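Residue numbers begin at 1 in each chain, while the letters A, B, ... track the order of the sequences. Only a predicted model underlies this, so the values are computations on that prediction, with no experimental measurement involved.
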Amino acid sequence: MTPPVTVRVRFCPSPTGSPHVGFARTALYNWAFARHHGGTLVFRIEDTDKERSTEESYEAMVGAMRWLGLDWDEGPEVGGPHGPYRQSERGDIYRDVLAKLAASSYTYDCFCTTDEVAARRLEAGSKTMGYDGFCRELSDAQRAVFEAEGRKPVVRFRMPEGSITWDDLVRGDITFETEHVPDFALCRANGDPLYTLVNPVDDALMDITHVLRGEDLLSSTPRQIPLHQALVDLGISTVVPRFGHLPFVMGEGNKKLSKRDPQAHLFAYRDDGFLPEGLLNYLALLGWAIAADRDVFTMDEMVEAFDIADVNPNPARFDLKKAEAINSAHMRMLSIEDMTDRVLPFLKHAGVVSDPVGDADAQLLEQAMPLVAERINKLTEAVDMLRFLFVDEADFAVDPTDAEKLLDDDGKRVVQAAYDALADLPEWSTAAIQEALQAKLVEEMGLKPRNAFGPVRVAVTGRRVSPPLFESMELLGRERSLGRLQRALA
RNA sequence: GCCCCGUUCGUCUAGCGGCCCAGGACGCUGGCCUCUCACGCCGGAAGCACGGGUUCGAAUCCCGUACGGGGUACCA
């Protein structure tokens, strides 16, 4: 199933709150679909809900897309021929479309209050919820009565008779009987347009060909298709887009990942040291597979292989462990230079190096990164791994728990022996250090390697977990290394 | 209540009628490697929700049931 070459998709979050992982997954699939087909990705901001939309959230949405590296062809900051791309700036457009719709009686004014509708339903014992069409065929006289009462109408779409069927890109044929789809409101009584109007209208006006969105919007599709058809009929647009409804990303338990869930926040992963490409790769796996026996891939590879028809319709649970494992695979794909660049902000933030970083520290970092690159799974892990190299001697501290475990009396004897072996070492190199310690601690004292080097490691790096010991000591230098050994004996 | 969607190892998935007494990954687990950690390598346990059909043959198609999810707003 090859879509036309003129693929145009959109990603249109509402700027309410902080972007979450579902946001990223939907953005990713739209992006991959657009790129795969050489199409256009429109980034639109759905901020018609003035109560909940915030500028801060808008900035976060744009920032999230930038961090993820998902670029868009039309939208905020890049413009485009169908702007503006924030719905709060498109009021005139919606008013105009609403007027055209009303003139062709696709819509009607409805004066009912929510309470009245509910009361009628109760009385009739009706099984269907939603609006009952009371104002569909209002006479001028009835209308006049309502207006005399000072009522302001909402505008409702007149749902056609029959059924609505579409071939969902993810799920295949889906049919709704329109008797189960009540006439819905397109704008508030005060004239403010609602999502129900604005979303399909913008898709139509922006020539969107494929709508890929969350499963939660599936039941709004039977309302949107007739509206699109009305817009085509009125010459406002030319085609009804195709729809594809993506499965949810679920959290713990079996609930859709909600914004209140701490695990849901996208920036939490950024701050935790995830690589955007690692997170994206993991998110892609939640509903799509590149091959039967493979799950680590680059975004280029995803673009090449992505087919919306392969997307799995059932909801997927977010698994942090696997996300970390995938991220770790991407960490190992990074060059040392690249990883260094990405680790640097975390080192600065933790105060391990100054900002901007000094020449000496930069050089030390360059030498140290190869030692840690293979043993960290997230960028943040470099901080604890490297701190001992950069810290001032006065501020150097040994982890109390590790000290208690390894720097007991036996441990101190080992450290003393290590000091003796190294004090007069003619050449301070990894090989020489290793040779000297090996000879003294292992061969002479008969210690097992892990028991020999453990106490030394804690004394020198401050932790039981560190980069390789001998290399670390070389980088630290003779004076600081010996100083720390001595300090551990105190 | 009504409408819609979904259901393969604990989790994410491959599978689109015979290649499957179901493959991969994460996790778990036994071992190897090893100066810690991490990486890497070898092995193991673990799954087609249930019941009917259709068919020579079903994880794959159809129908029910159960369970899960979504919608049912002058939110998006």
* Asked: Nearest nucleotide by nearest heavy atom, which residue falls closer to the 5' end of RNA chain B, A/D293 or A/E177?
  -> A/E177
* What string of B, S and - do you get for nucleotides 5-14 of chain B, 5' to 3', when a contact is any protein heavy atom under 4.0 Å? -> SSSS--SBSS
* Please state the P separation for the pair B/G6 and B/G64 - nearest whole angstrom. => 14 Å
* To do: Return the nearest nucleotide to the side chain of A/E471; candidates are B/C37, B/C35, B/G27.
  => B/C35
* Asked: Does the side chain of A/T221 come within less than 4.5 Å of A/F176's, by heavy atoms?
  -> no
* A/F176 vs A/P468, nearer the 5' end of RNA chain B by closest nucleotide -> A/F176
* Asked: Take atom CD in A/E304; do more than 12 heavy atoms of anything else shown fall under 6.0 Å from it?
  -> no
* Considering only the C1' atoms, how many Å lie between B/G44 and B/G18, rounded to the nearest integer? -> 30 Å
* Separation between the C1' atoms of B/G53 and B/C12, rounded to whole Å -> 32 Å
* Roughly, in whole Å, what's the span from CZ in A/R294 to P in B/C26? -> 14 Å
* Asked: Could you state the CD-P distance from A/Q438 to B/U34, rounded to the nearest angstrom?
  -> 12 Å
* B/U72 P sits how many Å from A/H180 NE2, rounded? -> 15 Å
* Is the A/F111-A/F134 ring centre distance short of 6.0 angstrom? -> no
* Asked: Is A/R86 close enough and on-axis enough to A/Y58, meaning under 6.0 Å and within 45°, for cation-pi?
  -> yes
* Asked: Does B/G40 pair with anything, Watson-Crick or G-U wobble, both distances under 3.5 Å, and if so, with which nucleotide?
  -> B/C32
* Result of checking A/S14, A/S88, A/S57, A/S53 against A/D47 for side chain to side chain donor-acceptor pair (under 3.5 Å) -> A/S88
* Between B/A25 (P) and A/F297 (CZ): distance, integer Å -> 15 Å
* Asked: Strictly under 6.0 Å, is that where the ring centroids of A/F297 and A/W288 end up?
  -> yes
* Asked: In this structure, are over 12 heavy atoms from other groups packed under 6.0 Å from A/Q416 atom CD?
  -> yes
* **More than 12 heavy atoms from other groups under 6.0 Å of CD on A/E161** => no
* Asked: A/F184 near the nucleic acid: base, sugar-phosphate alone, or nothing, with a heavy-atom cut-off under 4.0 Å?
  -> nothing
* Asked: Is the CD atom of A/E56 crowded by more than 12 outside heavy atoms at less than 6.0 Å?
  -> no
* A/L320 CG to B/C28 P: how many Å, rounded? -> 12 Å
Polar atoms only, N or O, under 3.5 Å: list the protein pairs with nucleotides 74-76 of chain B and their distances.
from: B/C74; atom 1: OP2; to: A/R156; atom 2: NH2; distance (Å): 3.2
from: B/C74; atom 1: O2; to: A/A189; atom 2: N; distance (Å): 3.0
from: B/C75; atom 1: OP1; to: A/R188; atom 2: NE; distance (Å): 3.1
from: B/C75; atom 1: OP1; to: A/R188; atom 2: NH2; distance (Å): 3.2
from: B/C75; atom 1: OP2; to: A/R188; atom 2: NE; distance (Å): 3.3
from: B/C75; atom 1: OP2; to: A/R188; atom 2: NH2; distance (Å): 3.3
from: B/C75; atom 1: O2'; to: A/D49; atom 2: OD2; distance (Å): 2.5
from: B/C75; atom 1: O2'; to: A/R52; atom 2: NH2; distance (Å): 3.1
from: B/A76; atom 1: OP1; to: A/T48; atom 2: OG1; distance (Å): 3.0
from: B/A76; atom 1: OP2; to: A/Y195; atom 2: N; distance (Å): 2.9
from: B/A76; atom 1: O3'; to: A/S14; atom 2: OG; distance (Å): 2.5
from: B/A76; atom 1: O2'; to: A/S14; atom 2: OG; distance (Å): 2.9
from: B/A76; atom 1: N6; to: A/R223; atom 2: NH2; distance (Å): 3.2

